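Sequential numbering from 1 along the given sequence is applied to the chain's residues. This one's a predicted model, so the numbers in the text were calculated from it and none came from an experiment.
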Amino acid sequence: MYRTIRPSSGDDEPRPNDGEVRADGGVVSDGPAADSPTEPDQGATARLKAALDRRFGSDFMESSIFWLPPFLLMGLFVYGAVIWNLLISLTDYERFENAPDYSNLDFEMYTRAFADSGFIDAAVNTLILLVLFTMGTLAVGLLLAILIDRGIRFENSFRTIYLLPMSLSFVVTAQFWLWIYNYNNGIANSVIGTFGLGPVSWLGNQDIVLYAIIFALMWQFSGYAMVVYLAGLRAIPREHYEAAKVDGASSLKMYWRVIIPQLKGATISAAVVLMVFGMKAFDFLYSLVGGYRPPNGADILATKMVREAYANLNWAYGSAIAIVLFAMALGVIGPYLVYEYRRDNL
């Protein structure tokens with residue numbers, strides 16, 4: 001309701017319907033003035049803005065100048081590229097002779113992939129690497145975190161030493177372990193030689209090469225798992241430790257039944273990150289052998305994808321493998337995002 005103010009002359013008497021008299025002599029009218037404009041109806045743009053503000057916050061539209069440009073760039077160069085790659089995988093595009101033909105899309109490349117024994121072997125190796133690498137790294141990281149959390153001497157020094165490999169690139173790590181696994185004078189064969197074993201062709205034996213690579217990756221990322229678990233352990237109140245000791249629980253039972261169950265969030269977060277790194281092990285394998293063909297028994301989907309696309313110029317087939325790898329990554333990250341959303345962390 002609009003309230004208009006009109007001046008009053010000195011001899012005017014306020015009438016009952018004119019409203020209250022102001023201190024300066026004016027009269028506040030409760031009724032709408034005849035010549036005052038009525039409130040305009042909100043347009044479609046205003047209603048949309050109000051709906052967005054209610055859903056995402058009052059500063060959603062005002063802050064769009066900051067988040068909208070990177071959002072559009074991300075949508076174009078990341079998700080747009082994924083969609084384009086999906087379209088290429090539905091064609092028979094090869095080499096650079098002609099542009100892809102999008103008029104006849106089919107799933108021939110996916111049928112070819114699942115009928116290819118090389119693809120099946122690479123997929124199995126990828127799953128083995130993800131499972132063993134993730135579980136092994138989490139186990140080693142948890143043990144290191146527990147040891148450091150118990151107040152050992154030189155805690156900061158040990159924490160730095162364990163975390164240092166994480167700062168190295170895959171290229172440096174690959175060269176480092178290539179020297180360790182050297183057949184003639186590598187450290188690995190020198191160590192087992194003291195027990196009368198070996199020498200072993202760590203990278204030449206297809207039965208053990210994948211496990212040798214997994215061990216090298218565990219060495220690099222155990223420090224990351226240690227830091228995540230250490231943060232989780234430090235967040236647990238000390239009263240929980242004391243209560244377990246009062247109940248007569250040994251250290252092993254205390255950690256197994258009381259402490260470790262409270263590290264569920266840290267375990268899930270670290271596992272997702274480690275599995276993503278495991279899918280990106282192409283850099284490590286490429287640096288290990290200096291080419292697109294890893295040692296026999298160590299081929300994974302990432303190396304086969306790049307080999308088909310850039311060595312054999314089978315662009316459509318390489319794109320199909322990339323989509324399968326993307327689906328695997330989405331299968332890892334998707335449940336984690338749902339889990340975090342249900343905990344109101346997103």
Within the 4.5 Å heavy-atom criterion, are [X] and [Y] side-chain neighbours or not?
| X | Y | result |
| --- | --- | --- |
| Y241 | I259 | yes |
| I187 | W179 | yes |
| L142 | I260 | yes |
| T137 | L217 | no |
| M166 | F277 | yes |
| F170 | L285 | no |
| I268 | E340 | no |
| L203 | V289 | no |

Looking only at heavy atoms, what is the nearest atom pair of [X] and [Y], with distance?
| X | Y | result |
| --- | --- | --- |
| S287 | A174 | CB-CB, 3.6 Å |
| G141 | A225 | CA-CB, 3.9 Å |
| L325 | M279 | O-SD, 4.5 Å |
| Y224 | L163 | N-CD1, 4.0 Å |
| V228 | A270 | CG1-CB, 4.1 Å |
| T303 | P294 | OG1-CG, 3.9 Å |

(request) For ring-ring contact (aromatic ring centres under 6.0 Å, His included), just list the numbers for F221 and F133, CA-CA rounded to whole Å, side-chain angles, deciding distance to a tenth of an Å, and then say yes or no. (result) CA-CA 9 Å; F221 290 97; F133 163 65; 5.7 Å; yes
(request) May I ask you to decide if the ring planes of Y310 and Y292 are parallel, tilted or perpendicular, using 30° and 60° as cut-offs? (result) tilted
(request) Please state whether the rings of F176 and W219 are parallel, tilted or perpendicular, taking 30° and 60° as the class boundaries. (result) parallel
Is there a donor-acceptor pair closer than 3.5 Å between any side-chain N or O of [X] and the backbone N or O of [Y]?
| X | Y | answer |
| --- | --- | --- |
| N189 | Y183 | yes |
| W315 | R95 | yes |
| S269 | A266 | no |

Do [X] and [Y] belong to the same hydrophobic cluster, where Ile, Leu, Val, Met, Phe, Trp and Tyr are linked whenever their side-chain heavy atoms lie under 4.5 Å apart, directly or via other members?
| X | Y | value |
| --- | --- | --- |
| I213 | L168 | yes |
| W84 | F107 | yes |
| L132 | L127 | yes |
| M135 | I214 | no |
| I333 | L274 | yes |

(request) State which residues pass side-chain hydrogen bond (donor to acceptor under 3.5 Å, both in side chains) with Q220; sequence neighbours excluded, sorted by chain then number. (result) T173
(message) Check E108 with R112, please: is the shortest side-chain N to carboxylate O separation under 4.0 Å?
(response) no
Other residues, nucleotides and ligands only: do more than 12 of their heavy atoms fall within 6.0 Å of [atom1] on [X]?
| X | atom1 | result |
| --- | --- | --- |
| R257 | CZ | no |
| Y339 | OH | yes |
| L76 | CG | yes |
| Y255 | OH | yes |

Rounded distance (nearest 0.5 Å) linking atom [atom1] of [X] with atom [atom2] of [Y]:
| X | Y | atom1 | atom2 | result |
| --- | --- | --- | --- | --- |
| I146 | M226 | CD1 | CE | 13.0 Å |
| K245 | M254 | NZ | CE | 5.5 Å |
| F284 | S169 | CZ | OG | 11.0 Å |
| Y79 | F71 | OH | CZ | 8.5 Å |
| Q206 | N296 | CD | CG | 5.5 Å |
| E242 | H240 | CD | NE2 | 10.5 Å |

(request) Applying side chain to side chain contact (heavy atoms under 4.5 Å, CB included) between T126 and each of I128, L130, V124, L129, report the one that passes. (result) L130
(request) Give a yes-or-no answer on whether the side chains of N205 and S201 include a donor-acceptor pair shorter than 3.5 Å. (result) no
(message) Testing the 3.5 Å rule here: is there a donor-acceptor pair between the side chains of Y317 and D116?
(response) yes
(request) Give the C-alpha distance, both sets of side-chain angles, the deciding distance and a yes or no for side-chain contact (heavy atoms from CB on, under 4.5 Å) between M109 and D92. (result) CA-CA 8 Å; M109 293 302 159; D92 56 356; 4.1 Å; yes
(request) Quick one: do Y181 and L288 satisfy side-chain contact (heavy atoms from CB on, under 4.5 Å)? Show the steps, please. (result) CA-CA 11 Å; Y181 287 145; L288 200 64; 5.8 Å; no
(request) Given side-chain contact (heavy atoms from CB on, under 4.5 Å), test W202 with W177 step by step and report yes or no. (result) CA-CA 10 Å; W202 300 99; W177 282 94; over 6 Å; no
(request) Taking side chain to side chain contact (heavy atoms under 4.5 Å, CB included) as the test, write out the residues that go with I323, two or more places apart. (result) N85, L86, S89, Y110
(message) I'd like to know whether T91 forms a side-chain contact (heavy atoms from CB on, under 4.5 Å) with L105, so could you lay out the CA-CA distance, the side-chain angles of the two residues, the decisive distance to 0.1 Å, and finally the verdict.
(response) CA-CA 5 Å; T91 67; L105 303 179; 3.6 Å; yes
